[in-house]
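One structure is given below, encoded as structure tokens.
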Amino acid sequence: MRPEEGVITSRSRAIGAVLELLTDELVVVCNGFPSREVYALRDRPENFYMIGSMGLAPAIGLGVALAQPRRKVVVLDGDGNVLMAMGTLATVGALKPRNFVHIVFDNEVYGSTGNQPTLSQTVRLEQAAKAAGYKNVERVRELDDAVYETKMMLKEDGPSFLLVKVSELAEDVGRVGIEPAAMTERFRKAAMGGRAP
Amino acid sequence: MVSRRLEKPVLLRYNACLMAISAKDFVSLLQDAGFNFFTGVPDSTLGGVIATLIERRVYVPAVREDEAVGLAAGAYMGGKIPAVLMQNSGLGTSLNALISLNLIYLQPCLLLVSWRGHDGKDAPEHLVMGQVMTKLLDLVRIPHRTLRAETVREDVGWAGQVFMSQRIPVALLVTTGVFS
């Protein structure tokens, strides 16, 4: 379904559309509402929800991608998170992991703390990713474009960076209901194909 | 003549017994202990170790210490045994990652931290951290030990044991002169 003309998709709808495309990919989700929305929409053992350490989701995802080069790793990120650790764009761009897909849902605000504006209203994050050396870089505003680009990036060699412009709307969802230590073990087992000692 | 002799492994080991261990031998010790993912941000004290890791193609350079801690956490969940190298200034940078990621998610890593400002003898920017570092680690409950050439095997063994049994970051603090 296409959003109305001029209306930007909500992050929850965009996230839901991306999640529907996943099979066995390992997913790292940034802190704040994105983690909560992913957990509510489609929890799976291959999901890791970061609840603190803002900015570090792509670093964690990159560590997973380097340790498991045959698995596709998808990082679901936000604009505030990317801005907090923009140096990691350089680390990814320099190392060029082929199995790394970075999807940023950009609502131009710090949604979890009261919608204060972020710099992504004026700073083009996808251009920073391009300059840093990501192989495939796209910026989309429409839901079906987000679906198309995600499909391509899941198939192609990366590193890939997809910026999806979304609205400020946050779903009324609860906190992630998995204890952090249990989540580490669950994700680790999923990443290692059930062989975690 | 002397320096050429020192390049021989046997003499290096002898040398290590006296006062210092070669960076190469130390890296081998870490690798023998199972560490197989190395990342971090350089410091001069750790220069030889990082050079060896790069030479052996097992080093992932990070741009910030908290990024390195995140990389290590991801690598751990991907099945690796990670170590993070940093100057102690980087402990300040990575504090939030250590306490809101590693300590609550139980994601272990070896922190190999150079102790700049040790004994109050260093550039001014290192003095405060040099003085408070061990108290800071105690405060956030990260076990630590100062690496000594004479006890390097026990030190690495201890760190590995904390890593495996507690699944939290464990720090080995490196003063100048430990590595030849």
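To find a chain, count down the sequence lines: A is the first, B the second, and so on, and within it residues start at 1.
Most heavy-atom pairs under 4.5 Å with chain A, from the set B:S100, B:G70, B:S94: that is B:G70. Options B:G79, B:G78, B:A73 differ in how many heavy-atom pairs under 4.5 Å they form with chain A, and the most are formed by B:G78. Chain B forms more heavy-atom pairs under 4.5 Å with one residue of A:V64, A:L62, A:L26, A:V28 than with any other, namely A:V64.
No path of Ile, Leu, Val, Met, Phe, Trp and Tyr side chains, each step under 4.5 Å between heavy atoms, connects B:L95 with B:V41, placing them in separate hydrophobic clusters. Taken together through direct or relayed side-chain contacts under 4.5 Å among Ile, Leu, Val, Met, Phe, Trp and Tyr, B:I168 and B:L173 form part of one hydrophobic cluster. In the hydrophobic clustering of ILVMFWY residues, with side-chain heavy atoms under 4.5 Å counting as a link, B:Y76 and A:I178 come out together. Residues A:I15 and A:V147 are members of one and the same hydrophobic cluster, defined by side-chain heavy-atom contacts under 4.5 angstrom among Ile, Leu, Val, Met, Phe, Trp and Tyr. There is no path of hydrophobic side-chain contacts, each under 4.5 Å, that joins A:V27 to A:M152.
Looking only at distances, no side-chain donor or acceptor of B:E67 sits under 3.5 Å from a matching main-chain atom of A:A59. Proximity of a side-chain donor or acceptor of A:T184 to a complementary backbone N or O of B:Y105 within less than 3.5 Å is detected. A:T91 contributes no side-chain N or O that, together with a main-chain N or O of B:A62, makes up a donor-acceptor pair within less than 3.5 Å.
No more than 12 heavy atoms of other residues, nucleotides or ligands lie within 6.0 Å of NZ in A:K151, so this atom counts as exposed by the packing criterion. The local environment of CD in B:Q131 is sparse, with at most 12 non-hydrogen atoms from other residues, nucleotides or ligands closer than 6.0 Å. Enclosure of atom CZ in B:R56 by more than 12 non-hydrogen atoms of other residues, nucleotides or ligands within 6.0 angstrom is indicated. Dense packing is recorded around CG of B:D32, with more than 12 heavy atoms of other residues, nucleotides or ligands lying under 6.0 Å away.
A:L95 touches chain B through its side chain: at least one heavy atom from C-beta onward sits under 4.5 Å away, while N, CA, C and O do not. For chain A, no part of B:V69 is nearby; none of its heavy atoms comes within less than 4.5 Å.
Rounding to the nearest 0.5 Å places CG of B:D66 at 9.0 Å from OG of A:S53. Rounding to the nearest 0.5 Å gives a distance of 4.5 Å between CD of B:Q107 and CZ of A:F48.
With B:L101 as reference, A:I60 is the one residue of A:I60, A:N31, A:I51 to meet the side chain to side chain contact (heavy atoms under 4.5 Å, CB included) rule.
A:A181 approaches B:L106 most closely through the heavy-atom pair CB-CD1, 3.8 Å. Closest heavy-atom contact between A:M192 and B:M77: CG-O, 4.0 Å.
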